[in-house]
Amino acid sequence: MTDEKTSKPDKNDFRKVFGHLPTGVVVVTGRSASGEPHGITIGSFVSISLEPPLAGFFIGRSSRTWPLVAASGKFCANVLAANQGDLCWRFAKDSAEGSRFGDLRVGTSANGSPVLPGVLATVDCSVHEVRQVGDHDLVVGEVTDLRVLDAIQPAMVFFKGKTGDAHIEG
């Protein structure tokens with residue numbers, strides 16, 4: 001994996017190893033300055049702090065979608081259900097062109113961001129801080145609203161390059 005002569009892991013090995021770590025899947029949505037809906041699939045959404053309530057995610061600095069959402073200063077994390085692979089992949093490719101919302105019956109969150117149909121939960125945030133970390137930005141949001149929309153369905157996880165089920169009996 002890592003050559004003894006160098007301390008940096010190979011990028012492919014890095015992805016391969018971290019692919020063995022399951023992550024939750026959300027689609028971060030928001031509206032551009034002109035009110036147009038935008039969204040992008042994120043596999044790094046995480047709670048950061050209870051007091052104050054903060055959540056965040058990492059986004060590639062080359063993203064064309066995130067700046068459109070960030071312009072409003074707020075966003076909504078839509079927590080995907082395990083059976084929503086179509087939505088995961090629809091929003092996975094970063095693009096500032098065209099709407100990925102097309103035929104979707106989209107709701108509206110408390111902060112005015114799009115809510116995708118059938119999601120398990122939503123987390124509304126105001127952008128609190130954006131910090132450069134390597135080739136990504138860490139976006140920290142102050143949580144302004146939380147909603148569980150479906151407490152029955154299992155959540156989606158990303159594992160070894162595929163989406164799956166995070167259902168745990170207990």
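Hydrogens, waters and symmetry mates are skipped; everything else that's a heavy atom, side chains included, is used.
A donor and an acceptor atom, one from each side chain of Arg100 and Thr65, are located under 3.5 Å apart. A donor atom on one side chain and an acceptor atom on the other are found under 3.5 Å apart for Ser109 and Asp124.
By the 4.0 Å N-to-carboxylate-O rule, Arg61 lies close enough to Asp137 to be salt-bridged with it. Salt-bridge check for Asp145 with Lys74: failed, with every basic side-chain N at 4.0 Å or more from each acidic carboxylate O.
The shortest side-chain heavy-atom distance between Phe75 and Val127 falls under the 4.5 Å cut-off. Counting heavy atoms from C-beta outward, Leu80 and Val27 have side chains that approach closer than 4.5 Å. The shortest distance between side-chain heavy atoms of Pro114 and Phe101 falls below 4.5 Å.
Note that the CG atom of Asp13 and the NZ atom of Lys8 stand 15.0 Å from one another [nearest 0.5 Å]. Put simply, CD1 on Ile42 and OG1 on Thr29 are 11.0 Å apart, with the number rounded to the nearest 0.5 Å.
Nearest heavy-atom pair across Trp66 and Val28 is CZ3-CG1, 4.2 Å.
Side-chain atoms of Ser72 come within 3.5 Å of backbone N or O of Val69 as a donor-acceptor pair. Of the possible polar contacts, one joining the Gln84 side chain to the Pro117 backbone as a donor-acceptor pair under 3.5 Å is found.
Between Asn78 and the options Leu87, Val115, Val123, Thr41, a side-chain contact (heavy atoms from CB on, under 4.5 Å) holds for only Val115.
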Could you check Phe91 against Ile40 for side-chain contact (heavy atoms from CB on, under 4.5 Å), going step by step and ending with a plain yes or no? CA-CA 5 Å; Phe91 287 90; Ile40 189 165; 5.6 Å; no
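In this structure, Val139 is a member of the same hydrophobic cluster as Leu146, with clusters built from ILVMFWY side-chain heavy atoms closer than 4.5 Å.
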